[in-house]
Protein chains: 2
Amino acid sequence: MARPRKFEEQQVLRDVRDQFWAVGYEATSLDDLVRASGLGKGSLYGAFGDKHKLFMRTLDDYVTDSCAGLRQSLDESERAVDGLRGFLLAGAASLRQGCYLANSTTELAATDSEVAERARKAYEDIVELIAATVERAQREGDLPGGIEPTAFARTLQTAQQGLVYMGRSGLPAEQLAGVAQDLADRLLRA
Amino acid sequence: MARPRKFEEQQVLRDVRDQFWAVGYEATSLDDLVRASGLGKGSLYGAFGDKHKLFMRTLDDYVTDSCAGLRQSLDESERAVDGLRGFLLAGAASLRQGCYLANSTTELAATDSEVAERARKAYEDIVELIAATVERAQREGDLPGGIEPTAFARTLQTAQQGLVYMGRSGLPAEQLAGVAQDLADRLLRA
DNA sequence: TTAGTTATGGACCGATCGGTCAACAACTAA
DNA sequence: TTAGTTGTTGACCGATCGGTCCATAACTAA
């Protein structure tokens with residue numbers, strides 16, 4: 001290792017991610033990242049590669065952490081349907097900040113195939129988690145057996161992303177919360 | 001007028017909008033706009049002002065046209081509930097391209113108050129249109145009278161924006177169409 | 001101590017950014 | 001015709017972009 005790094009990698013990645021998150025990928029300059037991380041340009045390049053590699057790293061970490069958190073939240077719910085409700089309501093929590101993956105996908109997926117592919121995989125993974133929980137809710141008698149789990153999981157995911165977007169668009173928090181309740185009530189009734 | 005303009009304003013605005021739409025605001029350079037419009041930089045500035053003014057103009061036009069189209073589509077529906085269903089399904093039509101307003105809002109609303117304000121107004125206008133159509137559907141007996149029109153309009157709008165986003169994220173067209181049908185069936189049942 | 005290795009940080013690079021401007025072209029009114 | 005006005009064009013501007021490089025610092029192994 002010779003000379004040791006003077007920074008904590010995870011902390012730097014979080015700071016960099018927050019900078020990208022705050023203003024977007026294109027609007028973030030290397031100087032912004034230097035300022036946010038406290039590192040010099042050379043260190044940033046040496047440790048993480050160029051701007052795009054660094055960005056993809058923060059996006060990967062975000063997706064990994066988010067999926068792990070979702071899995072845990074779903075598994076922790078004694079009744080699966082409560083987990084599904086929590087998943088929906090979570091979409092109304094981020095407000096103006098939005099979701100890092102959704103913001104990045106909207107900005108870049110049409111022109112950046114790496115981002116597009118990452119998003120596709122992430123949403124497929126989430127659908128799998130949700131679908132498994134839908135099946136559990138059916139076994140627990142909280143959702144009709146006739147529902148096709150994967151298709152319904154996509155419906156829930158779409159509703160959740162709608163909430164995320166309406167929050168980003170500036171819909172007032174209390175109105176957004178009302179929509180979230182309404183959607184949960186309508187989509188998760190037995 | 002002295003020397004007449006050699007370009008058609010509406011056509012230039014559409015070309016410029018399509019360029020912004022294709023890659024985003026920040027990723028579009030003035031040279032891109034010169035190329036897309038066929039005009040020189042000076043002409044573009046003389047006619048529309050700077051990059052941001054030009055962008056806001058295209059966004060305003062898009063919102064105006066979209067709202068007019070929606071109003072017409074809703075009014076043309078013999079049964080209001082069919083208009084509402086059409087509104088939902090329309091969210092699944094744009095696919096990767098997404099919605100110009102939604103793309104722009106996600107990219108810019110957090111840092112550009114003009115865009116944020118424009119988006120907020122647009123979505124409020126749309127909620128009004130939808131709410132009026134919800135009331136009509138109630139009078140026509142296709143929706144329960146107990147529903148609060150404005151709140152339910154926001155629920156439908158949120159679901160529609162979820163569809164728009166999932167399309168942008170790359171969800172395959174046939175799956176997106178399935179989600180749209182599913183959402184319409186679940187949210188618009190009497 | 002010394003030789004070797006890696007991390008640091010900012011000076012520096014060519015390219016490109018958004019925006020300006022002056023010379024010129026194309027019209028109208030007198 | 002001529003004077004006045006407006007539109008067009010691309011050369012040009014300073015600023016900033018993403019990225020490189022290197023002198024130096026901070027360590028380890030011999």
Side-chain angles (χ1 to χ4, degrees), chain A residues 1-60 103-104 107-108 110-115, chain B residues 1-60 103-104 107-108 110-115:
Chain A
M1 177 64 84
R3 176 172 176 173
R5 287 181 173 169
K6 76 165 202 183
F7 64 89
E8 226 283 88
E9 184 170 291
Q10 295 304 317
Q11 184 58 51
V12 165
L13 285 170
R14 273 195 300 272
D15 291 340
V16 162
R17 179 202 65 190
D18 289 345
Q19 175 63 43
F20 279 131
W21 199 339
V23 306
Y25 177 79
E26 290 288 350
T28 296
S29 70
L30 280 183
D31 282 338
D32 291 333
L33 297 177
V34 164
R35 231 170 290 130
S37 67
L39 271 63
K41 276 191 185 183
S43 300
L44 226 38
Y45 268 79
F48 305 106
D50 64 18
K51 182 186 176 186
H52 190 261
K53 276 201 179 68
L54 177 51
F55 171 75
M56 288 306 299
R57 173 68 185 279
T58 64
L59 194 60
D60 276 339
N103 296 355
S104 302
E107 182 187 353
L108 300 171
T111 54
D112 184 329
S113 58
E114 277 188 71
V115 171
Chain B
M1 177 64 84
R3 177 173 176 173
R5 287 181 173 170
K6 75 166 202 183
F7 63 89
E8 227 283 87
E9 185 170 292
Q10 295 304 316
Q11 184 58 52
V12 165
L13 285 170
R14 274 195 300 271
D15 292 340
V16 163
R17 179 202 64 190
D18 289 345
Q19 175 63 42
F20 280 130
W21 200 339
V23 306
Y25 176 78
E26 290 289 350
T28 295
S29 70
L30 280 183
D31 282 338
D32 291 333
L33 298 176
V34 164
R35 231 171 291 130
S37 67
L39 271 62
K41 276 190 184 182
S43 299
L44 227 38
Y45 269 79
F48 305 106
D50 65 19
K51 183 188 176 186
H52 190 262
K53 277 201 178 68
L54 177 51
F55 171 75
M56 288 307 299
R57 174 67 184 278
T58 64
L59 194 59
D60 276 338
N103 296 354
S104 303
E107 184 187 353
L108 301 171
T111 54
D112 183 329
S113 59
E114 277 188 70
V115 172

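Just the heavy atoms: all of them, side chains too, but no hydrogens, waters or symmetry mates, feed the values below. The sequence lines fix the lettering, A, B, ..., with proteins before strands; numbering per chain opens at 1.
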Legend entry - Per Leu30(B) side chain, nearest of listed nucleotides dA7(C), dC27(C), dG19(C): dG19(C)
Inset, instruction - Please report, rounded to the nearest Å, how far the P atom of dG18(D) is from the CZ atom of Phe48(A). - result: 17 Å
Inset, instruction - May I ask you to say what Gly46(B) touches in the nucleic acid, namely base, sugar-phosphate or nothing, with a heavy-atom cut-off under 4.0 Å? - result: nothing
Legend entry - Between C1' of dA26(D) and NZ of Lys6(A), the distance in whole Å: 12 Å
Inset, instruction - Measure the distance from CD on Glu26(A) to C1' on dC17(C) and round it to the nearest whole Å. - result: 12 Å
Legend entry - Stepwise side-chain hydrogen bond (donor to acceptor under 3.5 Å, both in side chains) check, Asp15(B) with Gln11(B): CA-CA 6 Å; Asp15(B) 292 340; Gln11(B) 184 58 52; 3.0 Å; yes
Legend entry - Distance-only donor-acceptor test (3.5 Å): side chain Lys41(B), base dG10(D): no
Legend entry - No-H, no-angle donor-acceptor pair, Arg3(A) side chain to dA25(D) base, under 3.5 Å: yes
Legend entry - Gap between atoms CG and C1', on Asp32(B) and dA15(C) respectively (whole Å): 15 Å
Inset, instruction - Hey, can you tell me if Tyr25(A) and Phe20(A) have their rings parallel, tilted or perpendicular (30° and 60° cut-offs)? - result: parallel
Legend entry - For atom CZ of Phe55(B) and atom C1' of dG18(C), their distance in whole Å: 16 Å
Legend entry - Salt bridge present between Asp32(A) and Arg35(A) (N-O < 4.0 angstrom): yes
Inset, instruction - Report the distance from atom CG of Asn103(B) to atom CD of Glu107(A), rounding to the nearest 0.5 Å. - result: 10.5 Å
Inset, instruction - Select from Asp31(A) and Ser43(B) the residue whose nearest nucleotide in DNA chain D is closer to the 5' end of that strand. - result: Ser43(B)
Inset, instruction - Please report, rounded to the nearest Å, how far the C1' atom of dG18(C) is from the CG atom of Asp50(B). - result: 9 Å
Legend entry - Nearest-0.5 Å distance, CZ of residue Arg57(B) to NZ of residue Lys53(B): 13.0 Å
Inset, instruction - Would you kindly give the OH-to-P distance between Tyr45(B) and dT8(D), to the nearest whole Å? - result: 16 Å
Legend entry - Phosphate contact (dT16(C) OP1 or OP2) by Ser29(B) side-chain N/O below 4.0 Å: no
Legend entry - Interatomic distance where CZ belongs to Phe7(B) and C1' belongs to dG7(D) [whole Å]: 8 Å
